[in-house]
Amino acid sequence: MTGTGARPGDRLLRGVHRTLTGLHPAVESVLAAILGLLVGAVLMYIWGYDPWRAYWALLKGAFGGDYEIASSIARGVPLILTGLTFSICLRAGMFNIGAEGQMYVGAAASICVAYFSLPHPWHLVVGILFAAAAGVLWSLGPALLKLTRGVSEVISTIMFNWISRFLVFYLVAYVLVDPRQAQRTVRIPLSARFPILVPGTDLSAAVYLAVGFALFVYVLLWHTAVGYEVRAAGLNPTAARYGGISIKRTMVLSFALGGVAAGLAGAATTMGLPPTYAIISGLPELMNLGFDGMAVAMVGRNHPIGILFAALFFGGLNAGGRVMQFYGANPVPLEMVRVVMGAIVLAMAIPELARVLPAVAGAARGLVRTLSPKARKEAA
Amino acid sequence: MGMGAEGGAKPGPDGYFLRAERITKVYSDGTVAVRDVTLELRPGEIVGLLGENGAGKTTLTKVLSGLLPPTRGRVVSPRGPVRFASPREALDFGIGMVHQHFALVGTFTAVENVALSHERPLTPLKLDATRAKLEALMAESGLKVPLDVPVEKLAVGEQQRVEILKVLSQDVDLLILDEPTSVLTPLEVDELFKLLRRLRDEGKAIVLITHKLREVGAITDRVVVLRKGAVVGDVSTAAVTREELAQLMVGKAVGTRAERAVELSTDEIPAHGSHGHSERGPGVLHVEGLSVAGTTKPIAVHDLTFDVYGGEIFGIAGVEGNGQTELVEALTGLRPALKGTATIHGKNILGLDPRQIYKLGVAHIPEDRWVLGLVLPFTLAENAILGVHRWDQFRGPLSVLRWGKINAHVRALMERFEIQATGPNAPAKSLSGGNQQKLIVGRELAKDPAIVIASQPTRGLDVGAAQYIRDTLVEMRDRGRAILLVSADLDEVLALSDRVAIMYEGRFMAVARPEELDREKIGMLMGGVGVKG
Ligand SMILES: Nc1ncnc2c1ncn2[C@@H]1O[C@H](COP(=O)(O)OP(=O)(O)OP(=O)(O)O)[C@@H](O)[C@H]1O
Ligand SMILES: [Mg+2]
């Protein structure tokens, strides 16, 4: 005996309702994106730019052709991975802000493969393993601090980000430096590079790694006992403990897995780019990819599949933004794109965004009702 | 006896305090929880709201108290339609509600929680005044709670008392109580009812939700029966018998459980002995000299020694908060013991984690279903495997969960325990309180364990469901399983147990066969009066 109702209309009603609520998260993300773009448009207008032309340029720059689409995807690749770092830990009930630093060490570790040679796929595989291992090692610091001393992961990951940042600055400047060009590291040889998929763009086979890893995380979290434990511990640690789940285990596991993702993001920004690339001092190619990953995770609703779409969207914003800043007589600076991103993230934080619409409609209806002469007569 | 939606004597136009007019509530997943309900609440009247688990009682009262907007229909007062944007507004209007799942801030003490409920924006909390008020209320109502301990550290029964006191302290005209008695002992219930009668005589309107027909007869003036969201009876209590009420609740449903509910309506819990006795088997749980620290006191369990045998139900009766919670948590790996030993089948269990203890054949029905028993955002299916998610039958290679098998298991549970939900993928938080309880009990009993440690196993279950659980426990006992039953429901403990221990301040005041104890003596022992047995 299931369900409350046996009345004929109920089934249909229930079906419609369920479809609508099932779409809720996606609808909310889309609404947030639209809201963010609107805020951006208003700001552009205030500063005397033409929002329509700017967004047109942005759209064309992001998805206007094969080259543009490939570039957008390429920019999304590391964001998929850093987004996963944040989401995995959030699902486990922790706020891991450490993707940025873990990605730096991952990138630095992958550069190390330039110092020895191996045949093609193996050289690449070893580099991937280096990066993943470095990411894991860097994530274990905060994890162990939390486990043994109860240090909040929010604080420790932020601190570890700074340590890793200056550590990698140092490594780039003094250890991994190319003796012929002091402003960058040695170049990773072709044998350890992801094959480029669209010539002339940054899109390499690293995209398969990122998408594959996202699918892996999805399967792990929703279709294995281990992932079940992680999610249970994240949603209700007391009940999880009652259910025989070791919170310490799920904690370390999710941190380590997040470390792998962040390390791979580092690899994607070194081995995953065309052969001319190396890490430049100051890390301009890497900077903020970890933090942007958090935005991607939020818009993707902390779901691996959602993150794929969100990363493509943010990748498109980044790629298109570059076109936008050179477009027309009065080009819009790239910073505007970051304003839009910020506005989107803020909009995501409005709780139950999609419910706001019916509520506004309801309030409007109420207002009309109280103002209408008929209603006033009734009340009297 | 009026059987329509609007029965009873028609009062004058302003004779009511609040009226629900053709209320329908559809939840976002499409569940029609309340269907076209019209109901009038009058000052000076206690209305009993009755219905099976999932009938829509909680939903209806949430609509009345402004917590949920109705999908259709409206709530009107003599001054016109009312619409509350928040419980705060409802409170200002004079409506207070004791929630089935308490609305308390866990890290706040009882005093702070109550003061908070009186709080106005930008005014300081009146802690001293609140404390004085609470102390007076505690003396008057007989509901005692520790005032200065964060409420999350209290036993569920104590939290229930805080929740009741909170609402009693608010000067309201309409008092809605959603299953306030499910974890109270009979004496506490009597005291509460005395107070409710006084409030009624002062002219307050009161709505009481309960599954205990005895309580309905004892205190209500009028009974409203809900079935599948619709009002199927609105009658004066004096004009109706328990059988008629039970029949109204279950409707024309046939099936042993529904019939049993009607049959039990006069007697509710079959007297002791009707379950027969089975041969006591070998010892399963052995506890010796066990002391456990409490959340609110340094020592909650004092030097306890007892055995639970296979083929036996060992009941622990007592007022909630006398160490039962700590004892159960120590035996299930959730709380460290101070000293003593505890073994299952001769194997030590103290210091093990819950998973290792379950492996020894333990099932645990926890008293707090929202904190311990369920992961509320999880689906029914996900909750149904909590603690057994690593069983081989649910896992394939690489630890991949076999959702097909799991869903089949869940459907079987839903069928067997009559869990009402839209399906295995319904979130657990969308289940009614009683159905959540059925889910937990079903999950634990389906383990077919060597010993069941059951705290308040029938809390919030309707008559039929509660009896089904009791029958299942007895049937497991007859198959040689050991059962440790902890319950505030004295009738239940007495009816089911082969031996009963009365617990007071961490000690057993007496351990005896139920027929050796009369209620008066038990009452004294539970209050700490009597010789140590
Ligand atoms: N948040 C929700 N979302 C979807 N359905 C819900 C929600 N809350 C309750 N329901 C459904 O509405 C129906 C009525 O639930 P309600 O809690 O009102 O029952 P109840 O009469 O209080 O039962 P109980 O005696 O078990 O407490 C049930 O079928 C329940 O599954
Ligand atoms: Mg209820």
Side-chain angles (χ1 to χ4, degrees), chain A residues 1-7 9-22 24 91 93 216 219-249 352 354-355 358-359 362-363 366 369-370 375 378-380, chain B residues 26-33 35 54-56 69 80-81 83 228-229 253 255 332-334 353-359 364 366 368 370-378 382-383 385-391 394-395 398-403 411 414-415 418-423 426 432:
Chain A
M1 156 174 168
T2 59
T4 333
R7 302 207 180 175
D10 286 1
R11 272 185 81 101
L12 184 67
L13 201 59
R14 195 149 61 212
V16 172
H17 266 283
R18 201 178 310 141
T19 319
L20 287 180
T21 38
H24 234 138
R91 291 275 174 190
F216 165 73
V219 171
L220 185 85
L221 284 182
W222 275 274
H223 292 278
T224 72
V226 179
Y228 172 87
E229 295 192 338
V230 169
R231 287 186 301 125
L235 290 169
N236 184 347
T238 325
R241 208 159 77 82
Y242 156 83
I245 294 166
S246 158
I247 308 287
K248 294 187 168 173
R249 230 181 68 136
E352 305 285 323
R355 301 245 167 94
R369 210 178 296 141
T370 40
E378 262 173 26
Chain B
V26 185
Y27 279 111
S28 63
D29 65 354
T31 306
V32 187
R35 223 184 273 276
R83 179 163 247 182
K228 292 186 177 171
T332 50
L334 293 170
D353 63 37
R355 188 203 303 260
Q356 293 164 313
I357 292 178
Y358 298 153
K359 281 220 178 93
H364 174 199
D368 195 328
W370 269 32
V371 173
L372 270 187
L374 294 173
V375 179
L376 282 174
F378 265 11
E382 286 169 324
N383 271 296
I385 56 169
L386 185 64
V388 295
H389 56 277
R390 286 191 173 269
W391 278 14
F394 299 137
R395 279 195 307 157
L398 293 174
S399 220
V400 168
L401 291 172
R402 299 158 87 169
W403 285 114
R411 288 214 177 79
M414 288 172 71
E415 178 109 0
E418 296 192 344
I419 302 168
Q420 274 182 51
T422 45
S432 81

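Here B:Glu382 is the residue among B:Lys359, B:Glu382, B:Gln356, B:Arg395 with the most heavy-atom pairs under 4.5 Å with chain A. Comparing B:Gly373, B:Pro69, B:Gly80, B:Pro366 by how many heavy-atom pairs each has under 4.5 Å with chain A, the most go to B:Pro366. The choice from B:Ile357, B:Leu372, B:Val375 that makes the most heavy-atom pairs within less than 4.5 Å of chain A is B:Leu372. The residue among B:Ile385, B:Asp353, B:Thr332, B:Leu376 with the most heavy atom pairs within less than 4.5 Å of chain A is B:Ile385.
Contact annotation for A:Ile245: both backbone and side-chain heavy atoms come within less than 4.5 Å of a heavy atom of chain B.
Here CG of A:Asn236 is found 9.0 Å from CG of B:Asn383. Values are rounded to the nearest 0.5 Å. Going from atom CG of B:Leu398 over to atom CG of A:Leu220 covers 10.5 Å, rounded to the nearest 0.5 Å.
When all heavy atoms of B:Leu334 and A:Arg241 are compared, the closest pair comes out as O-NH2, 2.8 Å. Residue B:Leu401 comes nearest to A:Ala225 through the heavy atom pair CG-N, 3.6 Å, listed as atom of the first residue, atom of the second, then distance.
Listed by chain and residue number, B:Phe378, B:His389 satisfy the ring-ring contact (aromatic ring centres under 6.0 Å, His included) test with A:Tyr228 (two or more places apart in sequence, or in another chain).
When atom types are taken as modelled, the side chain of A:Tyr242 and the backbone of B:Leu386 share no donor-acceptor pair closer than 3.5 angstrom.
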